Amino acid sequence: MKIDRLIGILAILLQKDFVTAPELAKRFEVSRRTINRDIEDLCRAGIPIATRQGQGGGIRIMDGYRVDRALLTNGEMKDILAGLRSLDSVNGTNRYGQLMEKLLAGSSDLIPGEQSVLIDLSSWYKKSLAPKIEMIRTGIEEGIEISFCYYAPKGESVRRMEPYYLIFQWSSWYVWGWCLEREDFRLFKLNRMEEMRLTGNRFQKRKTAVPDLGNERVFPGGIRVKVLFEPECKWKLVEEFGPACFREMEDGRLLFQEDYTDERHLFMWLLSFGDKAEVLQPEKMRDRIRKCAENMARKYAKPENGHTLQEKRGTQDEV
C-alpha cells in the first residue's frame, strides 16, 4: 500500500542523513519515478524534505523535524502503541513506551486509557528470558558472537553462534543465526539456552534473508494423523485446529484427521488427552503410545501388600 511505503520512506529519512532515490526504489521494489512521486507527496503533506545533487548528495529531511501525527490515523497510532507495549511486556522495561512518546510528541488526543488492544508477550519465564533477550539484542546490534549450553531432545551441547534475528513465534522466543559448530543457520529456543554469554568475538555479518519459519521448513516430514477423541475433547480440538478438523461419529466420538509435522510434539500432545484419545494412524505412533501406557501401568501397579512395584524393587535391592 502507498501509505505504508510513505511511512517507510519517512522512517528511513529520519534515521539517515542522506538517502538516494535509487536506494529507496530498490528497498521498496518500485521504480525511481514512483519514489519521486512519493517524495512530492511527503512534501505536500508538510514534511520539510530537501535534495542535493552530486556526489554525496541525495534526499534528506531537515533538522529538528518531528513526526506529524496527522500522517497516521487514530487507529494506526493505536496499533503501533499496542505493538510497542507488547515488546515492553517481554523484558519489563519502558524502552518502547518511551519510543512511542517520541512519536506522539505534540499530540495529546491519543492517551493510554483509550487503548483497546492489549498484547502481553510475557511468560512464566519472564525473569530468565529478559536478560537473554537483551544479550541477544546486543549481539545482533554489535555483531558479537554468543555462546550457550543448549538442551535438546538428543542431549546437551555447548554452542557458539552469530545471532541475526530474535523471533517470537509458536508462543515462544527463538534466536536465528549461524551456528559455528554446525556451520549452518539454526533456530534455537531461548527457554532451552542456559549459561549464555557474549564471547567478545566480533563477526562480519553474512548475507542472509529473513528466515523461512513455516512448519514445513522448521519441522520437515508431514505425518498423517487419524485419532478418535471422546466428545469432551471437542473444545480443545476447536481451539487448536478449528471446527473443521474432525467429523462427529454416530457414537458421539470425534474422528480427527490432520497432518502433523513433528513426531515428538505429536506424541506429547496425544498423551495430554490421557485415555480420551485412541490413535488409529500412524501405526508407529499407536505402538509407541501402547508401550508407554504399559510402562506406566507397571510403574503405578500396586501388589497385594500395598507397595508399588518400584517400592518393592527398592526393598529387594536393600536386602
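All heavy atoms count here, side chains included; hydrogens, waters and symmetry mates do not. All values derive from a computational prediction rather than experimental measurement.
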> Kindly state whether the ring of Phe229 and the ring of Phe246 have centres lying under 6.0 angstrom apart.
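Here the rings of Phe246 and Phe229 have centres that are no less than 6.0 Å from each other.
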> Looking at side-chain heavy atoms only, is the closest gap between Glu232 and Lys276 below 4.5 Å?
yes
> Side-chain atoms of residues 24-33: list all donor-acceptor pairs with protein atoms under 3.5 Å, sequence neighbours left out, distances to 0.1 Å.
unit_1 : atom_1 : unit_2 : atom_2 : d
Ser31  : OG     : Thr34  : N      : 3.1
Ser31  : OG     : Thr34  : OG1    : 2.9

> Measuring from Glu258:CD to Glu240:CD, what's the distance to the nearest 0.5 Å?
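If I round to the nearest 0.5 Å, the distance is 11.5 Å.
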> Hey, which of Met161, Glu141, Met196 is the one that makes side chain to side chain contact (heavy atoms under 4.5 Å, CB included) with Ile136?
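Testing each of Met161, Glu141, Met196 against Ile136, the sole residue satisfying side chain to side chain contact (heavy atoms under 4.5 Å, CB included) is Met196.
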> Tell me whether the count of non-hydrogen atoms from other residues, nucleotides or ligands lying under 6.0 Å of NZ in Lys291 goes above 12.
no
> Can you hop from Met249 to Phe273 via hydrophobic side chains spaced under 4.5 Å?
no
> Centre of Phe188's six-membered ring, under 6.0 Å away, within 45 degrees of the axis: is that where NZ or CZ of Arg159 sits?
no
> With the side chain counted from C-beta on, respond yes when Cys292 and Phe267 share a heavy-atom pair under 4.5 Å apart, and no when they do not.
yes
> Under a 4.5 Å side-chain heavy-atom rule over Ile, Leu, Val, Met, Phe, Trp and Tyr, are Ile35 and Phe18 clustered together?
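No, no single cluster joins them.
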> For the NZ atom on Lys284, are there more than 12 heavy atoms of other groups (residues, nucleotides or ligands in this structure) within a distance under 6.0 Å?
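Atom NZ in Lys284 is not packed in, count stays at 12 or less.
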> What pairs of residues pass the ring-ring contact (aromatic ring centres under 6.0 Å, His included) test when at least one of them lies in residues 42-63, not counting sequence neighbours?
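For residues 42-63, and leaving out neighbouring residues, there are no ring-ring contact (aromatic ring centres under 6.0 Å, His included) pairs at all.
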> Verify, without hydrogens or angle tests, whether Ser147 (side chain) and Thr199 (backbone) share a donor-acceptor contact under 3.5 angstrom.
no
> Once rounded to the nearest 0.5 Å, what's the spacing between atom OH of Tyr300 and atom CG of Asn295?
12.0 Å
> Calculate, to the nearest 0.5 Å, the distance between atoms CD1 and CG belonging to Ile9 and Leu13 respectively.
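Taking CD1 in Ile9 and CG in Leu13, the distance rounds to 7.5 Å.
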> Would you call Arg286 and Gln281 a side-chain contact if the rule is heavy atoms closer than 4.5 Å?
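No; the side chains remain at least 4.5 Å from each other.
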> Over all heavy atoms of both residues, which pair between Trp173 and Leu129 is shortest? Give the atoms and the distance, please.
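Closest pair (atom of Trp173, atom of Leu129, distance): CD1-CD1, 4.1 Å.
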> Under a 4.5 Å cut-off applied to non-hydrogen side-chain atoms, are Glu194 and Lys132 in contact?
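Glu194 reaches Lys132 side chain to side chain.
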> Parallel, tilted or perpendicular, judged at 30° and 60°: which one describes the rings of Trp269 and Phe241?
perpendicular
> Is it true that Tyr151 and Val158 fall in one hydrophobic cluster, defined by side-chain heavy atoms closer than 4.5 Å?
no
> Are the aromatic ring centres of Tyr164 and Phe203 under 6.0 angstrom apart?
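For Tyr164 and Phe203, the ring centres are under 6.0 Å apart.
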> Let me confirm one number: the CD-CZ distance from Glu162 to Arg206, rounded to the nearest 0.5 Å.
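These two atoms lie 4.0 Å from each other.
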> Do you know which two heavy atoms are closest between Ala21 and Asn36, and how far apart they sit?
CB-OD1, 4.1 Å
> Which residues satisfy the side-chain hydrogen bond (donor to acceptor under 3.5 Å, both in side chains) test with Thr138, sequence neighbours excluded?
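Here no residue qualifies.
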> Please answer: with hydrophobic residues joined when any side-chain heavy atoms are less than 4.5 Å apart, are Leu271 and Leu280 in the same cluster?
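Different clusters: Leu271 never reaches Leu280 through Ile, Leu, Val, Met, Phe, Trp or Tyr contacts under 4.5 Å.
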> Between Ile61 and Leu42, is there a side-chain heavy-atom distance shorter than 4.5 Å?
no
> Is Tyr150 reaching over with its side chain to a backbone N or O of Lys189, donor-acceptor style, under 3.5 angstrom?
yes
> Using the rule that Ile, Leu, Val, Met, Phe, Trp and Tyr join whenever any side-chain heavy atoms are under 4.5 Å apart, tell me whether Leu254 and Trp235 fall into a single cluster.
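No, Leu254 does not connect to Trp235 through the hydrophobic network.
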> Does CD belonging to Glu294 count more than 12 external heavy atoms closer than 6.0 Å?
yes
> Working to the nearest 0.5 Å, report the span between CG of Leu228 and CZ of Arg247.
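So the gap between those two atoms works out to 9.5 Å.
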> Considering non-hydrogen atoms only, spot the tightest contact between Arg182 and Arg186 and give its length.
CB-NH2, 3.9 Å
> Report the distance from atom CE of Met193 to atom CD1 of Ile146, rounding to the nearest 0.5 Å.
4.5 Å
> Using every non-hydrogen atom in the two residues, find where Gly139 and Pro163 come nearest and quote the distance to one decimal.
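Looking at all heavy atoms of both residues, the closest pair is C-CG, 3.8 Å.
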